[in-house]
Amino acid sequence: MTRENAAAPAPHRAPPEHVHPRDVALETALAALSDPVRLTLVRELAASEDWERNCGSFDVPVRKAALSHHFAVLRSAGLIEQRDQGAKRINRLRKQEFEEHFPGLLALVLRQR
């Protein structure tokens with residue numbers, strides 16, 4: 001088999017699946033935002049530029065597997081979008097889309113105490 005005919009290497013992981021905020025129930029959004037680790041992730045993403053933060057850049061007191069779970073919960077609640085960039089997975093907070101479906105909720109969550 002020549003190099004041109006060789007199959008492309010399989011990705012090291014499946015791409016993330018996303019849910020649009022319009023397809024999320026209020027209870028799901030509230031549950032995602034009720035966890036202190038996820039709240040930290042959302043607040044740090046809100047303070048960052050889109051696609052600036054990779055998953056390993058957050059200083060949270062959980063192991064890698066638990067962190068992956070927290071990101072999955074945020075994706076399923078329509079709060080974040082992720083994409084792979086090389087070996088890293090980068091993130092953005094879906095501020096505008098989330099605001100359109102849940103007006104004012106994200107602002108309340110991001111407000112300082």
Side-chain angles (χ1 to χ4, degrees):
M1 180 181 290
T2 66
R3 190 166 247 238
E4 293 79 30
N5 294 337
H12 64 287
R13 60 182 165 188
E17 293 184 24
H18 298 94
V19 176
H20 195 281
R22 71 174 166 263
D23 299 324
V24 174
L26 177 61
E27 295 82 4
T28 302
L30 292 173
L33 291 166
S34 68
D35 182 88
V37 170
R38 292 192 291 269
L39 191 54
T40 297
L41 297 173
V42 167
R43 286 181 172 156
E44 288 190 23
L45 282 171
S48 305
E49 294 294 321
D50 286 353
W51 309 116
E52 181 180 73
R53 301 289 301 270
N54 68 64
C55 294
S57 70
F58 296 88
D59 185 22
V60 289
V62 295
R63 294 183 181 204
K64 188 176 180 179
L67 185 59
S68 293
H69 168 75
H70 287 298
F71 280 118
V73 170
L74 292 173
R75 277 195 321 269
S76 68
L79 279 154
I80 67 167
E81 187 176 9
Q82 296 181 303
R83 67 179 182 205
D84 291 335
Q85 186 174 52
K88 296 183 180 191
R89 184 159 283 176
I90 56 175
N91 305 277
R92 85 168 181 97
L93 184 62
R94 299 177 81 173
K95 293 177 198 171
Q96 183 177 349
E97 301 100 305
F98 198 80
E99 176 63 23
E100 288 170 4
H101 190 63
F102 299 109
L105 180 57
L106 200 52
L108 287 172
V109 169
L110 298 175
R111 215 169 47 183
Q112 296 297 327
R113 295 180 187 141

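Position 1 is the first residue of the sequence, and the numbers go up from there. Keep in mind the model is a prediction, meaning the values are calculated, not measured.
Between Leu106 and Leu93 the shortest side-chain heavy-atom distance falls below 4.5 Å. Two residues are said to be in side-chain contact when any heavy atoms from C-beta on lie closer than 4.5 Å; Leu110 and Arg43 meet this criterion.
Going from atom CG of Leu45 over to atom NZ of Lys95 covers 9.0 Å, rounded to the nearest 0.5 Å. In this structure, CZ on Arg22 lies 9.5 Å from CD on Glu97, to the nearest 0.5 angstrom.
The shortest heavy-atom contact between Gly56 and Asn54 is N-OD1, 2.9 Å. Taking both residues in full, the closest heavy atoms of Phe102 and Val24 are given as CZ-O, 3.4 Å, listed atom of the first, atom of the second, then distance. Scanning both residues, Phe98 and Ala77, for their nearest heavy atoms gives CE1-O, 3.7 Å. Smallest separation of non-hydrogen atoms from Gln82 and Cys55: NE2-SG, 3.4 Å. For Ala31 against Ser34, the heavy-atom pair with the smallest separation is O-OG, 2.7 Å.
Side-chain heavy atoms closer than 4.5 Å link hydrophobic residues (I, L, V, M, F, W, Y) into clusters, and following such links, even through other members, never connects Val73 to Phe58. Note on Leu30 and Val42: same hydrophobic cluster, where clusters join Ile, Leu, Val, Met, Phe, Trp and Tyr whose side-chain heavy atoms are under 4.5 Å apart, directly or indirectly.
Under the salt bridge (Lys or Arg N to Asp or Glu O under 4.0 Å) criterion, Arg83 pairs with no residue at all, not counting sequence neighbours. Residues satisfying the side-chain contact (heavy atoms from CB on, under 4.5 Å) criterion with Val62, sequence neighbours excluded, are Val37, Val60, Ala66, Leu67, His70.
Applying the salt bridge (Lys or Arg N to Asp or Glu O under 4.0 Å) test to residues at least two apart or on different chains, the pairs with a partner in residues 50-69 are Glu44-Arg53.
Put simply, the residue from Ile80, Leu74, Leu41 that forms a side-chain contact (heavy atoms from CB on, under 4.5 Å) with Asn91 is Ile80.
The backbone N or O of Glu17 lies less than 3.5 Å from a partner atom in the side chain of Arg75, making a donor-acceptor pair.
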